[in-house]
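Remarks on the structure that follows.
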Amino acid sequence: GFPIVETNLWAQNGVVHGLDAFLIPPNTCDMANPCGENEACSNSGYCQALPPPGTCANPIDVGIGYVGADTSGNGDITAVNYDEGSCGGRPGNEVVFRYTELVSDRDLCLRTSGSDFNTILYVREDECYNRANELVCNDNSALASPLASAATISSQFGQTYFVIVDGFSEQDNGNLILEVSAGACQ
């Protein structure tokens, strides 16, 4: 939305007319005129505030390896509770990661071992918000440490995947670890 500014304006006849507020349009943007720090250019060509990191609107990019995050709200990301997977996660806070396959078609293992709470892991392709695009959902895998999740996906070159790590319950939050490795989970 537009910021609201309070003001009083003089009319052409010299009488003061009270105007409680008016809207100031945001700055326009394009490739030649980028937005400022902590802003992004919207599809309609206006600068807007960046959404919190770790959400579908601003996922954390990952590759092969380990990445950590804090879902308690004490870290660098804003803890959110927007969504759930088909196997659960509605009451817990989640963090959204984005993985784009840049090597080849291959299996990937996604695992949350080492997280300090009960995790749920689900993966969507193409559109993060679209539950119909869920490829897999896992809670408490035998292929991970107790209360951790693990899932194998068959990634395709050039495809983007949204890996969402969620808490099982409202009390399940804290430090999470996501491992992305080549090959099926074993």
Side-chain angles (χ1 to χ4, degrees), residues 1 29 35 38-73 75-113 115 117-141 144 148-170 172-182 185:
C29 55
C35 296
N38 297 321
E39 291 183 319
C41 192
S42 69
N43 291 338
S44 56
Y46 290 100
C47 294
Q48 60 187 28
L50 283 175
T55 61
C56 279
N58 190 11
I60 299 168
D61 288 314
V62 296
I64 299 294
Y66 294 86
V67 63
D70 180 359
T71 64
S72 68
D76 294 336
I77 64 169
T78 302
V80 295
N81 183 15
Y82 291 136
D83 213 347
E84 65 184 321
S86 60
C87 62
R90 182 65 196 127
N93 291 334
E94 69 261 6
V95 177
V96 180
F97 300 94
R98 178 176 48 209
Y99 175 86
T100 301
E101 182 55 71
L102 299 175
V103 176
S104 64
D105 294 358
R106 60 183 172 169
D107 286 342
L108 291 177
C109 177
L110 309 166
R111 196 181 331 247
T112 63
S113 293
S115 299
F117 62 96
N118 187 355
T119 62
I120 293 177
L121 183 145
Y122 44 104
V123 180
R124 296 178 181 158
E125 66 181 344
D126 296 324
E127 298 173 357
C128 182
Y129 293 106
N130 190 344
R131 290 181 180 174
N133 290 356
E134 185 176 282
L135 299 176
V136 64
C137 187
N138 180 264
D139 179 29
N140 300 343
S141 173
S149 305
T152 298
I153 63 167
S154 295
S155 67
Q156 296 178 349
F157 179 77
Q159 182 67 45
T160 296
Y161 301 92
F162 296 93
V163 181
I164 302 154
V165 180
D166 212 332
F168 177 78
S169 73
E170 190 175 323
D172 287 309
N173 61 66
N175 294 310
L176 75 83
I177 296 173
L178 173 66
E179 175 192 3
V180 180
S181 59
C185 295

Checklist entry - Mind checking what makes side chain to side chain contact (heavy atoms under 4.5 Å, CB included) contact with V67, not counting sequence neighbours? => result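 V67: side chain to side chain contact (heavy atoms under 4.5 Å, CB included) contacts with V62, F97, L178.
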Checklist entry - Can you name the residues that form a side chain to side chain contact (heavy atoms under 4.5 Å, CB included) with L135, not counting sequence neighbours? => result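 With sequence neighbours excluded, L135 shows a side chain to side chain contact (heavy atoms under 4.5 Å, CB included) to V123, E125, Y161, given in chain and number order.
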Might you point out which heavy atoms bring [X] and [Y] nearest each other, and give the distance in Å?
| X | Y | result |
| --- | --- | --- |
| A57 | P59 | C-CD, 3.7 Å |
| C47 | E39 | CB-OE1, 3.8 Å |
| I120 | C137 | CG2-SG, 4.0 Å |
| G85 | E134 | CA-OE1, 3.4 Å |

For the residue pair [X] and [Y], confirm or rule out a side-chain donor-acceptor distance under 3.5 Å.
| X | Y | value |
| --- | --- | --- |
| D107 | S154 | yes |
| D172 | S169 | yes |
| Y122 | N138 | no |

Mind checking side chain to side chain donor-acceptor pair (under 3.5 Å) for [X] and listing every partner two or more places apart, or none if nothing turns up?
| X | answer |
| --- | --- |
| E127 | N130 |
| N140 | none |
| S149 | T119 |
| S44 | S42 |

Do [X] and [Y] have side chains that get closer than 4.5 Å, going by heavy atoms?
| X | Y | result |
| --- | --- | --- |
| V95 | L176 | yes |
| D126 | Q159 | yes |
| I164 | C128 | yes |

